[in-house]
Protein chains: 2
Amino acid sequence: MTITDAAPARLGDDVGACSSAPVDPCGSESSEARIIRDVLSRVGDKWSLLVIRMLHNGPLRFTQLQRSIDGISHRMLTQTLRNLERDGLVSRTSYPEIPPRVEYAATDLGRSLALPVLGLVEWASGNHASITDARDAFDAARD
Amino acid sequence: MTITDAAPARLGDDVGACSSAPVDPCGSESSEARIIRDVLSRVGDKWSLLVIRMLHNGPLRFTQLQRSIDGISHRMLTQTLRNLERDGLVSRTSYPEIPPRVEYAATDLGRSLALPVLGLVEWASGNHASITDARDAFDAARD
DNA sequence: CTGGATCCTTGAGGATACTG
DNA sequence: CAGTATCCTCAAGGATCCAG
């Protein structure tokens, strides 16, 4: 999703009738499609996973995050952090000092997300070569 | 990535110097960031995973895919299939008949991708409720 | 039926300036 | 230092038409 500049959004959060089965509740194909889209819109944006990843080792302040994430803009970091906080994946602790200090930390939920994500990363890292080769072959074939 | 309407693109495919370690080769933080972005730009678009998912059970024709994926446009299906084919995740078999028939199937690589993806889906499905709750709490808190 | 090509809308996301 | 608001750009992606 990656929130629009304004609105709270609230898109299809209609899990209602389905009991909490591990995968594909209600047996319909489209429900799994919804789940896939859900998870993708949550962590599939440009920065969320990188933030989660950085916070996996321990809490960090806003500026530390900004420096360590390379390329992220001030605006997108705030926005990404708000989203993650809203989804309960990251916690925010503000110390009323001068100058202000704010620490962000991954919640248990956030850390639990890191696991399956790591699976994906491993896959990517392990099959990077195959993909590159496939691309080269494909591009070569379409002379 | 989700290719632009034209260009072959070829962005940062510079794995060169790194030996093929399973995760985080070369030990630098930014290299893992690159991997994450790589995998996201490959499967993190709106449709790729859904196509991979549909093809996991067996080959399907273009129109079958379009009907089963709900919401995908003609244009995006072609585009997504081209990308997946280029990356070696999907194979395309065209039967020179009239009317033409084209079958798409997941390759071994494509099926291997489905595994870690399933992990993510399970996570999403298992923690959907927690996230929804977190959101409600968050939205309620900011009166 | 499959697959381009073209047009057009929308929103993600960067740059920047301003507040506490 | 942390956060918000405004402006602007550019590409993702839908609709549609044409071709083999």
Side-chain angles (χ1 to χ4, degrees), chain A residues 1-9 11 37 40-51 55 59-86 90-105 138 142, chain B residues 1-9 11 37 40-51 55 59-86 90-105 138 142:
Chain A
M1 185 178 67
T2 312
I3 58 166
T4 316
D5 276 62
L11 58 160
R37 255 198 282 268
L40 281 187
S41 61
R42 181 150 302 112
V43 301
D45 66 80
K46 208 173 171 186
W47 304 110
S48 291
L49 285 189
L50 295 173
V51 171
L55 292 178
L60 286 176
R61 309 180 49 169
F62 187 91
T63 328
Q64 292 178 313
L65 275 172
Q66 182 165 27
R67 267 195 304 264
S68 59
I69 294 198
D70 189 75
I72 193 170
S73 71
H74 189 166
R75 183 174 173 277
M76 286 321 290
L77 181 54
T78 332
Q79 199 166 102
T80 305
L81 285 170
R82 279 300 91 73
N83 284 334
L84 295 175
E85 190 194 355
R86 188 166 108 102
V90 155
S91 70
R92 190 190 107 111
T93 325
S94 152
Y95 300 88
E97 308 169 352
I98 287 233
R101 179 164 62 99
V102 180
E103 278 197 345
Y104 292 93
F138 186 89
R142 60 149 197 84
Chain B
M1 185 173 67
T2 315
I3 57 164
T4 315
D5 275 63
L11 57 161
R37 255 198 282 268
L40 281 187
S41 60
R42 182 151 301 114
V43 300
D45 67 81
K46 208 173 172 187
W47 304 109
S48 291
L49 286 189
L50 294 174
V51 172
L55 293 178
L60 287 176
R61 309 180 49 169
F62 188 91
T63 328
Q64 291 178 317
L65 276 171
Q66 183 166 27
R67 268 195 304 263
S68 60
I69 296 200
D70 191 74
I72 195 170
S73 70
H74 188 166
R75 183 176 173 276
M76 286 320 290
L77 181 55
T78 333
Q79 200 166 100
T80 305
L81 286 170
R82 280 300 91 73
N83 285 333
L84 294 175
E85 190 193 356
R86 188 166 106 102
V90 156
S91 70
R92 191 190 107 111
T93 325
S94 152
Y95 300 88
E97 309 167 354
I98 286 236
R101 178 165 63 99
V102 179
E103 279 196 347
Y104 292 92
F138 186 89
R142 58 150 199 83

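Throughout, protein chains are lettered first and strands after them, A, B, ... in sequence-line order, and every chain is numbered starting at 1. Small disclaimer: the values here were computed from a predicted structure and weren't measured.
- Remark: A/F62 engages A/H74 in a ring-ring contact (aromatic ring centres under 6.0 Å, His included) (not counting sequence neighbours).
- Across the protein-nucleic acid pair, B/W47 atom CH2 and D/dG14 atom P stand 6 Å apart, rounded to whole Å.
- Atoms CZ (A/R61) and P (D/dC1) sit 8 Å apart, rounded to a whole Å.
- Within 4.0 Å of A/T78, counting heavy atoms only, lies at least one base atom of the nucleic acid.
- Nucleic acid contact for B/Y95: none, since no nucleic acid atom lies under 4.0 Å from a heavy atom of the residue.
- For the pair B/N83 CG and D/dA12 C1', the computed distance is 12 Å after rounding to whole Å.
- Rounded to whole angstrom, the span from the CD1 atom of B/I69 across to the C1' atom of D/dG14 amounts to 16 Å.
- Rounding to the nearest 0.5 Å places CD of B/Q79 at 12.5 Å from NZ of B/K46.
- Atoms CH2 and CD1, from B/W47 and B/I72 in turn, are 5.5 Å apart once rounded to the nearest 0.5 Å.
- For A/P99, whose side chain is taken as the heavy atoms from C-beta onward, the closest listed nucleotide among D/dG13, D/dC1, C/dG14 is D/dC1.
- Taking only side-chain atoms of B/K46, from C-beta outward, the nucleotide of C/dC1, D/dT4, D/dG13 with the closest atom is D/dG13.
- The side chain of A/S73 lies closest to C/dA15, out of C/dT6, C/dA15, D/dG20.
- Residues meeting the side chain to side chain contact (heavy atoms under 4.5 Å, CB included) test with B/R67, sequence neighbours left out: B/T63, B/Q64.
- Following rounding to the nearest Å, A/R75 (CZ) and C/dC18 (C1') show an atom-to-atom distance of 15 Å.
- Atom pair B/L40:CG and C/dA12:P shows a separation of 16 Å (rounding to whole Å applied).
- Between the CZ atom of B/R82 and the P atom of D/dG13 there is a distance of 17 Å, rounded to whole Å.
- Comparing atom distances between the A/H74 side chain and each of C/dT6, D/dT4, C/dG13 picks out D/dT4 as nearest.
- Of the inter-residue distances, the one linking A/T80 atom OG1 with A/I69 atom CD1 reads 8.0 Å to the nearest 0.5 angstrom.
- Computed from coordinates, the A/M76 CE to D/dA5 C1' distance equals 15 Å when rounded to whole Å.
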